[in-house]
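A quick note: this is a predicted structure, and the numbers were derived from the prediction, not measured. All residue numbers refer to positions in the sequence shown, counting from 1. Computed over heavy atoms, backbone and side chain alike; hydrogens, waters and symmetry mates excluded.
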Amino acid sequence: MASSCITGSAQDRPIAQGEVGLVYKVSEDIVLKYSIKDDDSRICNQHHIFDLLEIHPQCPDLVRSFLRFPNANFLQFLSGGTLDQQLQLRQTRDPTTKRVLKVKNGEPRCLVLRWMTELSNVAAWHESFGYSHGDIWPPNLLLDREDHLKLTDFDNTAAAGTTFEVDIAPYARVLGDEGGEQRGSFGYLGPRAEQFTIGSVFYYMIRGYEPCNNEWFGERHGLVIVDLLQKMMLPKTDDNKVDTIMRSYWHGEYDSIQRLSATVKLLDCVNSSRSMVMMGEYYKAKQGECKQLVANRLLDMVKRNEG
């Protein structure tokens with residue numbers, strides 16, 4: 001995404017746009033996520049989750065929110081882009097079907113293992129107070145300037161046991177006969193759904209392409225993938241330790257994400273550095289910057305631009 005910065009005029013275009021809102025870069029360290037419509041329930045849920053997260057000891061592996069308003073959220077900016085963007089840089093794709101034809105080299109093993117550790121850690125952290133993120137996939141995984149991975153976008157985060165609303169294959173799987181009354185649905189948020197998602201993200205990190213994205217099934221490509229996953233006809237894997245663990249996630253062999261995370265940490269490189277929790281003084285300084293932007297009527301300018 002192109003770098004952009006809203007100044008006093010707020011004339012610049014957003015650096016990203018999603019279903020929920022527009023994202024503007026407002027300083028070197030801060031972005032503003034601005035809701036497209038008033039009273040969007042997903043924005044309300046995101047604010048509620050940030051309120052909840054902030055009463056717990058902080059996790060270094062998620063994006064922090066500095067200041068929130070009903071239609072706006074000032075968030076930590078990470079300069080490395082998304083994991084999806086990073087991995088796609090190494091791909092050669094068919095221009096018509098978008099099938100991945102080749103991956104040039106791969107990400108360094110220790111970096112991939114660190115990403116795996118950071119992702120499983122933040123998912124286990126959510127689980128520790130009874131929640132699941134509910135939308136873990138590469139566009140929601142951001143990288144900082146040192147390539148540390150951080151989870152963002154809490155629009156669909158909810159308590160474990162809530163109906164799983166996000167249906168993005170191959171990061172969610174329609175349940176088969178083993179789902180009983182839930183057959184044909186994505187089931188409920190919890191260890192089963194979350195670890196399948198994490199398994200598919202790990203596959204992408206390791207292989208350099210998403211599950212089944214090196215194949216092309218014709219015009220029904222997406223539907224075929226949904227069907228294959230429901231039947232547990234998964235991509236071929238190797239017999240090494242990392243792939244064995246990844247397969248165990250797809251098959252839901254862990255009764256908690258915390259147990260899953262403990263297993264991943266055994267794979268981490270001995271000398272791999274970890275991200276640090278944001279210092280309180282830094283957080284307060286950035287929050288002060290956000291308050292000054294609001295005092296300078298930034299939100300009014302953005303609203304006029306988008307109106």
Side-chain angles (χ1 to χ4, degrees), residues 83-84 87 90-91 99-100 103 106-124 126-127 132-138 140-141 149 151 160 164 166-180 182-183 185-215 217 221-222 224-269 272:
L83 176 67
D84 196 37
L87 295 176
R90 297 181 180 272
Q91 298 175 351
R99 170 176 171 250
V100 176
V103 175
E107 299 294 339
R109 174 181 170 80
C110 278
L111 179 59
V112 169
L113 294 180
R114 190 179 77 189
W115 286 343
M116 291 169 66
T117 300
E118 291 167 340
L119 175 55
S120 60
N121 183 63
V122 70
H126 279 77
E127 183 186 69
S132 292
H133 181 272
D135 196 12
I136 294 175
W137 70 311
N140 285 342
L141 299 170
L149 181 147
L151 181 61
F164 194 9
V166 178
D167 56 353
I168 304 172
Y171 302 102
R173 173 181 169 264
V174 174
L175 297 177
D177 291 339
E178 82 289 347
Q182 298 178 51
R183 187 186 191 284
S185 75
F186 291 94
Y188 300 119
L189 289 175
R192 182 206 59 78
E194 207 83 326
Q195 67 186 291
F196 186 90
T197 297
I198 292 171
S200 291
V201 174
F202 283 4
Y203 183 95
Y204 191 4
M205 291 175 178
I206 296 162
R207 298 296 195 275
Y209 53 84
E210 295 176 300
C212 303
N213 221 16
N214 62 330
E215 302 183 64
F217 300 113
H221 180 78
V224 170
I225 292 176
V226 171
D227 185 58
L228 289 173
L229 295 181
Q230 183 178 20
K231 296 175 180 177
M232 291 300 287
M233 298 173 66
L234 303 168
K236 293 181 179 179
T237 55
D238 299 325
D239 291 329
N240 59 57
K241 186 178 294 185
V242 173
D243 275 19
T244 298
I245 289 176
M246 182 176 66
R247 285 196 304 272
S248 71
Y249 300 164
W250 275 340
H251 288 274
E253 294 179 10
Y254 291 86
D255 59 7
S256 73
I257 302 302
Q258 293 186 48
R259 285 193 60 219
L260 177 155
S261 179
T263 305
V264 174
K265 288 175 182 175
L266 297 177
L267 300 171
D268 205 5
C269 292
S272 179

Student: Indicate yes or no for a side-chain donor-acceptor contact from Gln91 to the backbone of Gly208 under 3.5 Å, with no hydrogens or angles considered.
Tutor: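 Such a contact is found between Gln91 side chain and Gly208 backbone.
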
Student: Test side chain to side chain donor-acceptor pair (under 3.5 Å) on Asp84 and Tyr204; report intermediate values, then the result.
Tutor: CA-CA 9 Å; Asp84 196 37; Tyr204 191 4; 2.8 Å; yes

Student: Does Lys231 come within less than 4.0 Å of Asp227, counting only side-chain N to carboxylate O?
Tutor: yes

Student: Ignoring hydrogens and geometry, is there a side-chain-to-backbone donor-acceptor pair from Ser261 to Gln258 under 3.5 Å?
Tutor: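 Pair absent, no side-chain N/O of Ser261 close to backbone of Gln258.
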
Student: Would you kindly check if the NZ (Lys) or CZ (Arg) of Arg207 is within the cone defined by 45 degrees around the ring axis of Tyr209 and under 6.0 Å from the six-membered ring centre?
Tutor: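 The answer is no; the distance or angle limit is not met.
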
Student: Would you mind telling me which of Ile257, Leu260, Thr197 makes a side chain to side chain contact (heavy atoms under 4.5 Å, CB included) with Tyr249?
Tutor: Leu260

Student: Could you check whether any side-chain N or O of Ser248 sits under 3.5 Å from a backbone N or O of Glu253, counting only pairs where one atom can act as donor and the other as acceptor?
Tutor: no

Student: Within the 3.5 Å criterion, strictly below it, is a donor on Arg114 or Thr117 matched to an acceptor on the partner's side chain?
Tutor: no

Student: Measure the spacing between CD1 of Ile245 and CG of Asn240 and express it to the nearest 0.5 Å.
Tutor: 9.5 Å

Student: Heavy atoms, side chains only, cut-off 4.5 Å: are Tyr171 and Glu210 in contact?
Tutor: yes

Student: When rounded to the nearest 0.5 angstrom, what distance separates OG1 in Thr237 from CZ in Arg247?
Tutor: 3.5 Å

Student: Can you check whether Leu119 reaches Leu83 side chain to side chain, under 4.5 Å on heavy atoms?
Tutor: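 Contact flag for Leu119/Leu83 side chains = no.
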
Student: Under 3.5 Å, side chain of Gln195 to main-chain N/O of Tyr254, donor-acceptor pair present?
Tutor: yes

